[in-house]
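Read through the structure below, which is laid out as structure tokens, and then see the notes.
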Amino acid sequence: MAQDRPNVDNLLATAIEDLAALSGGLPDDERFRVRVCTHLLSIVRRELAQAGDLNAAEQARLQDLLGHDGDLAALNEELSARIRAGELDERWTALSDHLRRSAIERLAVVNPDHLRPEDSPEPADG
Amino acid sequence: MTESNGIAGEADLSDRLQQAAARHFGNQARVAPVSRPSMGGSNDTLVFDLTDGAASRRLVLRQETYTGAGNPYLPPSAQYRLLEVARAHHIPVPEPVFELTEADDLGRGFVMAFVDGETLPRRIVRDPAFEEARPALARQCGEVLARLHAVDTAAVDFLRDLPDSIDPLATQRQRLDAFAEAHPALELGLRWLERNRPAAAAPCLLHGDFRNGNLIVGPEGLRAVLDWECSHLGDPFEDLAWLCLRSWRFGRPDRPVGGFGERAPYYAAYRQAGGGAVDPGTVRYWEIYGFVRWAILNVMQGYGHVEEGRSSIVYAACGRNVAMMEYDLLMTLDGVYD
């Protein structure tokens with residue numbers, strides 16, 4: 001189904017911008033709530049734009065680490081269990097590298113401001 | 001942002017509080033609600049004025065909100081006992097005034113004295129009004145922890161059988177498992193903690209959530225330590241390290257003690273107040289533990305929001321905030337962050 005302009009990203013950006021402008025005039029408690037809502041919508045906007053690429057990258061790294069295919073959730077379950085069992089102690093550096101990448105990728109969606117500048121994604125256009 | 005405590009609306013709450021005040025202070029006592037400052041993690045908070053003839057006193061009602069099966073927080077009766085113990089040991093806390101009884105019909109909770117001052121971490125970290133308070137605060141935190149850790153644990157026997165008092169690592173794993181979501185970075189943290197355990201220390205009384213955000217501060221420094229619901233017995237370094245987590249530096253990562261102070265004077269004050277020498281390696285171990293624990297508490301809030309009907313925009317955000325703690329954990333393990 002082809003929707004008319006604006007696209008989803010633009011709709012979210014527009015709503016976020018207006019909520020942010022609105023929040024300035026509110027009492028403390030309501031301003032806080034509107035800011036949290038703006039934060040949640042910003043996560044949605046970044047996730048819609050990036051999730052496909054980030055999930056594919058994470059899955060490829062997991063397949064490398066674990067040596068077989070699988071869906072993302074199952075691979076993460078397996079990785080967790082094998083770390084707990086001590087089976088990846090000898091591959092600590094490769095494991096840390098992967099998990100650092102995964103944390104950076106999730107933060108690029110959830111809260112890019114929390115990343116060190118050297119871990120930050122390219123500034124998004126618009 | 002507080003959840004409904006499922007007991008009463010505001011007007012009803014006011015009525016019941018009035019009746020409770022009459023029960024505890026006599027029929028001439030009058031209650032006037034002032035504000036509801038809490039963002040509601042484990043307890044609801046209501047500030048009110050109690051008037052008895054010409055005398056007036058500002059008090060705080062604390063009511064338990066989270067009563068789910070996975071509830072990691074101490075019941076209000078234990079929190080009340082801890083306020084009494086802390087006060088007896090000259091640790092600055094709000095004076096406990098009375099515990100709610102069944103007749104009060106206000107759920108589980110207690111009333112304590114209101115302590116005036118600032119609790120908002122960003123203001124404590126940034127506001128020029130606290131310029132002099134900040135270095136004093138780091139030293140006072142060291143002193144208060146030394147006094148707390150010296151309390152004879154016989155006085156807090158009710159903490160002895162808590163999972164956190166028995167085996168903190170195993171407890172974190174059990175909690176993580178209960179929330180049924182894969183977190184390989186937290187597994188890495190737990191595995192590292194398992195392989196790098198420091199020598200066991202004699203268990204001390206710990207506050208359990210001693211951080212910027214649970215301190216009432218005035219321009220002169222520390223006025224009171226709040227929120228004792230995570231208290232347990234354990235390694236004193238667990239408390240010392242928790243205050244230094246990057247998560248509580250609020251825009252001042254260069255000031256490791258709560259965003260307001262430096263490590264050296266904090267450790268020195270702890271030692272001078274009788275708390276023993278501080279080994280930075282052991283503090284680091286418990287900071288790693290702290291990130292894992294803080295992450296799992298946020299996993300819990302996300303789980304509560306989605307699965308347990310404790311729906312709230314804040315808990316929804318908490319679920320996603322776990323990535324921040326995992327990043328800080330990995331950066332600290334790699335030695336990139338102090």
Side-chain angles (χ1 to χ4, degrees), chain A residues 28-44 46-47 54 58 61-62 65-66 72-89 91-93 95-116 118-119, chain B residues 1-2 35-40 120 122-123 169-170 172-173 176-177 180-196 246-247 249 251 253 291 295 298 302 305 312-337:
Chain A
D28 282 356
D29 178 54
E30 289 169 17
R31 183 169 63 235
F32 172 75
R33 287 164 58 181
V34 171
R35 284 192 177 158
V36 176
C37 288
T38 311
H39 169 65
L40 298 181
L41 289 174
S42 301
I43 294 176
V44 172
R46 289 187 293 263
E47 184 157 323
L54 295 180
E58 185 182 7
R61 287 197 312 272
L62 281 164
L65 259 176
L66 297 171
L72 196 50
L75 291 170
N76 269 318
E77 295 276 352
E78 180 184 337
L79 183 67
S80 298
R82 289 183 63 183
I83 294 169
R84 187 178 293 202
E87 291 170 19
L88 296 170
D89 289 352
R91 297 164 68 197
W92 196 266
T93 306
L95 178 62
S96 293
D97 287 347
H98 160 69
L99 293 173
R100 194 181 323 101
R101 279 297 342 143
S102 297
I104 291 168
E105 288 163 357
R106 275 155 63 229
L107 274 182
V109 167
V110 169
N111 184 0
D113 291 342
H114 192 75
L115 291 164
R116 298 181 310 152
E118 50 269 63
D119 290 335
Chain B
M1 203 56 47
T2 51
S35 67
R36 226 181 215 302
S38 175
M39 289 302 173
L120 287 177
R122 279 184 194 276
R123 292 206 192 131
L169 270 194
Q172 294 308 333
R173 277 204 169 133
L176 183 55
D177 287 347
E181 184 173 68
H183 281 277
L186 300 182
E187 294 293 347
L188 181 90
L190 287 164
R191 181 69 185 150
W192 185 90
L193 290 163
E194 192 172 54
R195 296 173 80 199
N196 291 276
R246 213 176 175 83
S247 314
R249 296 185 196 170
F291 285 121
N298 279 271
H305 169 75
S312 123
I313 52 166
V314 171
Y315 295 160
C318 285
R320 289 298 187 102
N321 280 348
V322 174
M324 289 171 29
M325 292 118 211
E326 291 187 358
Y327 180 78
D328 291 349
L329 164 72
L330 295 164
M331 287 296 154
T332 306
L333 272 174
D334 282 353
V336 177
Y337 282 170

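The sequence lines fix the lettering, A, B, ..., with proteins before strands; numbering per chain opens at 1.
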Problem set entry | Pair Asp89(A)-Arg195(B), salt bridge (Lys or Arg N to Asp or Glu O under 4.0 Å): steps then yes or no | CA-CA 10 Å; Asp89(A) 289 352; Arg195(B) 296 173 80 199; 3.7 Å; yes
For this session: Could I get the full list of side chain to side chain contact (heavy atoms under 4.5 Å, CB included) partners for Leu120(B), not counting sequence neighbours?
Result: Glu118(B), Arg123(B)
Exercise. Using a cut-off of under 4.5 Å for heavy-atom pairs, which of Leu190(B), Leu333(B), Asp328(B) has the most such pairs with chain A?
Worked result: Asp328(B)
Seminar exercise, completed: Closest non-hydrogen contact found for Arg116(A) with Met331(B) is NE-SD, 3.9 Å
Problem set entry | Distance in Å, Ser312(B) OG paired with Arg33(A) CZ, rounded so as to fall on 0.5 Å steps | 9.5 Å
Exercise. Of all heavy-atom pairs between Leu99(A) and Pro184(B), which one has the smallest distance, and what is that distance?
Worked result: CD2-CB, 3.6 Å
Exercise. When only pairs under 4.5 Å are counted, which of Trp192(B), Tyr337(B), Tyr327(B) shares the most heavy-atom pairs with chain A?
Worked result: Tyr327(B)
Exercise. Atom CZ of Arg320(B) and atom CG of Leu107(A): how far apart are they, to the nearest 0.5 Å?
Worked result: 11.0 Å
Seminar exercise, completed: So, the part of Leu40(A) with a heavy atom under 4.5 Å from chain B: the answer is side chain
Problem set entry | His39(A) versus chain B, the contacting section by heavy-atom distance below 4.5 Å | side chain
Seminar exercise, completed: Interatomic distance, CG@Asn321(B) vs CZ@Arg106(A), rounded to 0.5 Å, equals 11.0 Å
Problem set entry | Segment of Asn76(A) engaging chain B (4.5 angstrom heavy-atom cut-off) | both
Exercise. Roughly how far, to the nearest 0.5 Å, is CG of Asp97(A) from CG of Asp334(B)?
Worked result: 8.0 Å
Seminar exercise, completed: For Arg91(A), the salt bridge (Lys or Arg N to Asp or Glu O under 4.0 Å) test, sequence neighbours excluded, returns none
Exercise. With Leu188(B), which of Leu88(A), Leu79(A), Leu95(A) fulfils side chain to side chain contact (heavy atoms under 4.5 Å, CB included)?
Worked result: Leu95(A)
For this session: Enter the distance from Glu326(B):CD to Arg100(A):CZ here, rounded to the nearest 0.5 Å.
Result: 13.5 Å
Problem set entry | Pick from Ile104(A), Ile43(A), Asp119(A) with the largest number of heavy-atom pairs that fall under 4.5 Å of chain B | Asp119(A)
For this session: Could you grab the distance from atom NE2 of His98(A) to atom CG of Leu330(B), nearest 0.5 Å is fine?
Result: 10.5 Å
Exercise. Non-hydrogen atoms of chain B under 4.5 Å away: do they reach the side chain of Glu47(A), the backbone, both or neither?
Worked result: side chain
